[in-house]
Every structure is written in structure tokens, then in C-alpha cells.
Peer 1: 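Dropping the structure in here first, questions after.
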Amino acid sequence: MKKKLLLLAFFSFFTTIYAQSDYKSILTVSAFTPFRDQRYNVGYMRKINERWWIGGELGYGTDKITPVNIGNFEGKNRIFEIKPEVFYSLAPQSRLKHFVSAEAFYLQQTGKDVSGTYYDENDVYYSFSSADYKRTKYGLNINYSILLHKESSWFGFMPKIGFGIRQRNVSYTNMTGREVDDAPRDGLPFDYQLNQQGSNLGFNFNVDMKIIFKF
């Protein structure tokens, strides 16, 4: 019994000291990407000084490892993403931290023997029974985020919103069973354009909610 009380007291003391320490690192986990983007994103932020932080994020996903599948393809898919980022704190002395950041990103998605529908470069809509698929996307975002937490807690949230530019390249190889199909009339129009064949330079919108762990 005494040993248990001593262990409890030690744990409570350690937790108090740890919680009140000046944290310099933040681990982030995206709450949106497993449901929205079919991948898991985990990141890390490191404090350099009162104003500047550096960080990065890695994302990975395959078919059937995320809670939902909202893709337009059936088959084996794999997604990899990397996002280095530099943060500037707008109010370093405030408990409610505000960050502006510049984020470069690169994403690659590959599909093996997938089936589904797509637009070609001439906006003709097709269905196909099998193909190998590759999508790359890279660019730069300017983001704004807020660190929502208690100073005495190691846990919190960080909503994030941003915009930028991106280059997207989509290609299909080894395609079989391709047929002209009726273009979709329901759903969000841009959702179907994500798989359009060819290269496209455009606007990128970024919104996320991070679960954070301070240490």
C-alpha cells in the first residue's frame, strides 16, 4: 500500500513539473485527413526562439487503412505526403498563440489495377475496368493557425487555414476497358476533376484541425 502511495505521489509531482515546464516541441496529429483525404498525417514543431518555429509533416495512406473510402477508384492505392513548414509567432507572450507559416508540400498517389471514371485532357468523361494511376501534387501554402491549450496541460488543438498555389499531374497507363460514359450530375463538381488526366496549375486551399501534444 505504501509503495502504491509513493508511486502515486511521485507520478503526481512529475506530472505537475512536466506540465509547468517551458515546452519547446509540439507533436501534431491531423483530425481531418483520415476521413477527408484517406491518409494519416503526423507532424512535429520545434521552437527556435520566441518568434520562430520550424516543423514538418508526413502523411501516409493505403486502401482500407483509413475509416472511410471516398475515392473515385476501386483497387490498390497508396498515398505519400511531405510538408516542411516555417512558423512565425504573432504574439509570443500571449497564452493564445497565433502563427503565420509558409508550407511547401509534395504529394504522390499511385494506384495499381484500379477501376473507375475520369476526365481526359479534352474533358471527355470515361469509365474503365483497369489501369495504373499516378498523381503528384506540389506547391506552396501560406497558413494561419491558433494554438488552443492550457499552459498547465500537455494537450490541445490547433485549427489551421491557408491558401496557395499547386501543380497537379495525373497520368494513366496500362488502361483496359475504356468507354465513353455519362458525366456525373450530382455531387461536388471539383471532386470529379481531381482525377482529370494531364497537368494543371491552380489555386490550393488548406484547412485542418490538429490534435497537439506539447513536450
Side-chain angles (χ1 to χ4, degrees), residues 30 32-41 43 55-63 65-66 68-86 100-145 159-210:
S30 172
F32 283 3
T33 54
F35 302 93
R36 183 191 61 194
D37 302 321
Q38 295 180 260
R39 60 182 179 270
Y40 295 96
N41 281 55
E57 189 170 280
L58 291 176
Y60 183 77
T62 63
D63 51 296
I65 73 167
T66 50
V68 294
N69 183 358
I70 58 174
N72 295 325
F73 295 145
E74 295 292 335
K76 295 181 179 180
N77 283 276
R78 183 178 67 87
I79 302 173
F80 171 77
E81 183 178 39
I82 184 169
K83 299 194 292 185
E85 192 166 7
V86 177
V100 174
S101 61
E103 170 192 69
F105 59 89
Y106 174 81
L107 179 144
Q108 178 176 289
Q109 179 180 358
T110 56
K112 183 70 175 177
D113 193 25
V114 299
S115 61
T117 57
Y118 78 106
Y119 283 96
D120 71 359
E121 294 174 308
N122 298 315
D123 290 328
V124 180
Y125 193 69
Y126 291 96
S127 62
F128 60 93
S129 57
S130 177
D132 294 334
Y133 166 79
K134 183 177 181 180
R135 175 173 70 104
T136 60
K137 187 175 78 167
Y138 53 90
L140 179 70
N141 288 326
I142 302 299
N143 300 314
Y144 171 73
S145 52
K160 189 178 202 176
I161 188 169
F163 62 91
I165 57 172
R166 59 99 182 109
Q167 175 70 37
R168 185 178 67 224
N169 304 303
V170 176
S171 63
Y172 300 84
T173 56
N174 303 320
M175 184 173 288
T176 61
R178 189 178 79 160
E179 297 180 349
V180 176
D181 205 344
D182 294 328
R185 298 179 181 275
D186 56 353
L188 298 173
F190 63 82
D191 190 35
Y192 298 101
Q193 299 292 336
L194 292 177
N195 296 323
Q196 183 164 21
Q197 186 177 29
S199 298
N200 178 264
L201 178 66
F203 177 79
N204 195 70
F205 184 65
N206 182 36
V207 61
D208 201 357
M209 172 63 76
K210 309 291 186 184

Peer 1: Tell me if a side-chain donor or acceptor on Tyr40 pairs with a main-chain N or O of Ile65 at a distance below 3.5 Å.
Peer 2: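 Between the backbone of Ile65 and the side chain of Tyr40 there is a qualifying donor-acceptor contact (under 3.5 Å).
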Peer 1: Could you give the distance from CZ (Arg135) to CD (Gln108), rounded to the nearest 0.5 Å?
Peer 2: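 One finds 10.5 Å between CZ of Arg135 and CD of Gln108.
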Peer 1: Taking Asn200's backbone N and O only, do any of them form a donor-acceptor pair with Arg166's side chain (distance below 3.5 Å, no angle check)?
Peer 2: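 Yes; at least one donor-acceptor contact below 3.5 Å.
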Peer 1: When rounded to the nearest 0.5 angstrom, what distance separates CD1 in Ile79 from OG1 in Thr66?
Peer 2: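 Ile79 CD1 to Thr66 OG1: 8.0 Å, rounded to 0.5 Å.
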Peer 1: Decide yes or no on side-chain contact (heavy atoms from CB on, under 4.5 Å) for Tyr126 and Val180, but give the supporting numbers first.
Peer 2: CA-CA 4 Å; Tyr126 291 96; Val180 176; 3.5 Å; yes
Peer 1: Mind checking whether Asn141 and Lys83 have side chains closer than 4.5 Å, heavy atoms only?
Peer 2: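 When only atoms from C-beta onward are counted, Lys83 and Asn141 do not touch, as no gap falls below 4.5 Å.
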Peer 1: Compare every heavy atom of Gly198 with every heavy atom of Glu121, then report the nearest pair and how far apart it is.
Peer 2: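 Shortest heavy-atom separation between Glu121 and Gly198 comes out as OE2-CA, 3.5 Å.
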Peer 1: Could I get the full list of side chain to side chain donor-acceptor pair (under 3.5 Å) partners for Gln197, not counting sequence neighbours?
Peer 2: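 Counting only residues at least two positions away or on another chain, Gln197 forms no side chain to side chain donor-acceptor pair (under 3.5 Å).
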Peer 1: On a heavy-atom basis, which atom in Ser129 and which in Gly177 lie closest, and how many Å separate them?
Peer 2: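 Looking at all heavy atoms of both residues, the shortest contact is OG-CA, 3.4 Å.
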Peer 1: Are side-chain heavy atoms of Phe128 and Thr176 found at a separation under 4.5 Å?
Peer 2: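 Sidechains of Thr176 and Phe128: no contact.
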Peer 1: Take the angle between the ring planes of Phe203 and Phe163 and call it parallel below 30°, perpendicular above 60°, tilted in between.
Peer 2: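 Ring orientation, 0 to 90° scale: parallel.
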Peer 1: Could you give the distance from CG (Leu201) to CG (Asn169), rounded to the nearest 0.5 Å?
Peer 2: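 Reported value, rounded in 0.5 Å steps: 10.0 Å.
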Peer 1: Looking at Ala183 and Tyr119, what are the two nearest heavy atoms and their distance?
Peer 2: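 Of all heavy-atom pairs spanning Ala183 and Tyr119, the closest is CB-OH, 3.7 Å.
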Peer 1: Should Tyr125 and Asp182 count as side-chain neighbours, where that means a heavy-atom distance under 4.5 Å?
Peer 2: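 Contact flag for Tyr125/Asp182 side chains = no.
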Peer 1: So, for Gln196 and Val170, which heavy atoms are closest and what is the spacing to 0.1 Å?
Peer 2: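 Smallest heavy-atom distance, with atoms named: O-CB, 3.3 Å.
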Peer 1: Kindly indicate, with the supporting measurements, whether the criterion side-chain contact (heavy atoms from CB on, under 4.5 Å) is fulfilled by Arg168 and Ser199.
Peer 2: CA-CA 6 Å; Arg168 185 178 67 224; Ser199 298; over 6 Å; no
Peer 1: Rounded to the nearest 0.5 Å, what separates atom OG1 in Thr110 from atom NZ in Lys112?
Peer 2: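 Output value for this atom pair is 10.0 Å.
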Peer 1: Rounded to the nearest 0.5 Å, what separation is found between the CZ atom of Arg36 and the OG atom of Ser30?
Peer 2: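 It is 6.5 Å, given to the nearest 0.5 Å.
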Peer 1: With a 4.5 Å limit on heavy-atom distance, are the side chains of Ser127 and Arg178 in contact?
Peer 2: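 When only atoms from C-beta onward are counted, Arg178 and Ser127 do not touch, as no gap falls below 4.5 Å.
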Peer 1: Are any non-hydrogen side-chain atoms of Thr33 and Glu81 less than 4.5 angstrom apart?
Peer 2: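 A side-chain contact is absent here, since even the closest heavy-atom pair is not under 4.5 Å.
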Peer 1: In the structure I gave you, are the side-chain heavy atoms of Asn41 and Phe32 within less than 4.5 Å of one another anywhere?
Peer 2: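 Asn41 does not reach Phe32 side chain to side chain.
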Peer 1: Test of understanding: with salt bridge (Lys or Arg N to Asp or Glu O under 4.0 Å), list the residues that count as partners of Asp63, not counting sequence neighbours.
Peer 2: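 Partners of Asp63 under the salt bridge (Lys or Arg N to Asp or Glu O under 4.0 Å) test: none.
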Peer 1: Quick check: do Arg78 and Tyr60 have side-chain heavy atoms less than 4.5 Å from each other?
Peer 2: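 Yes, their side chains come closer than 4.5 Å.
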Peer 1: If we only count heavy atoms from C-beta on, is the Lys76 to Asp113 side-chain gap below 4.5 Å?
Peer 2: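 Counting from C-beta outward, Lys76 and Asp113 never come under 4.5 Å.
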Peer 1: Applying side-chain contact (heavy atoms from CB on, under 4.5 Å) to Glu57 and Phe105, what does each step give before you reach the verdict?
Peer 2: CA-CA 9 Å; Glu57 189 170 280; Phe105 59 89; over 6 Å; no
Peer 1: Quick one: pull up CG in Asn174 and OH in Tyr133 and give me the separation to the nearest 0.5 Å.
Peer 2: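 Spacing of CG (Asn174) from OH (Tyr133) equals 15.5 Å.
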Peer 1: Carefully, step by step, assess Tyr106 and Thr136 under the rule side-chain contact (heavy atoms from CB on, under 4.5 Å).
Peer 2: CA-CA 7 Å; Tyr106 174 81; Thr136 60; 3.7 Å; yes
Peer 1: Quick one: which of Ile142, Leu140, Asn206, Val86 gives a side-chain contact (heavy atoms from CB on, under 4.5 Å) with Glu103?
Peer 2: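 That would be Asn206; it is the only one of Ile142, Leu140, Asn206, Val86 passing the side-chain contact (heavy atoms from CB on, under 4.5 Å) with Glu103.
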Peer 1: Which word best sums up how the rings of Tyr172 and Tyr118 line up, parallel for under 30°, tilted for 30 to 60°, or perpendicular for over 60°?
Peer 2: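 Plane angle between 30° and 60°, so tilted.
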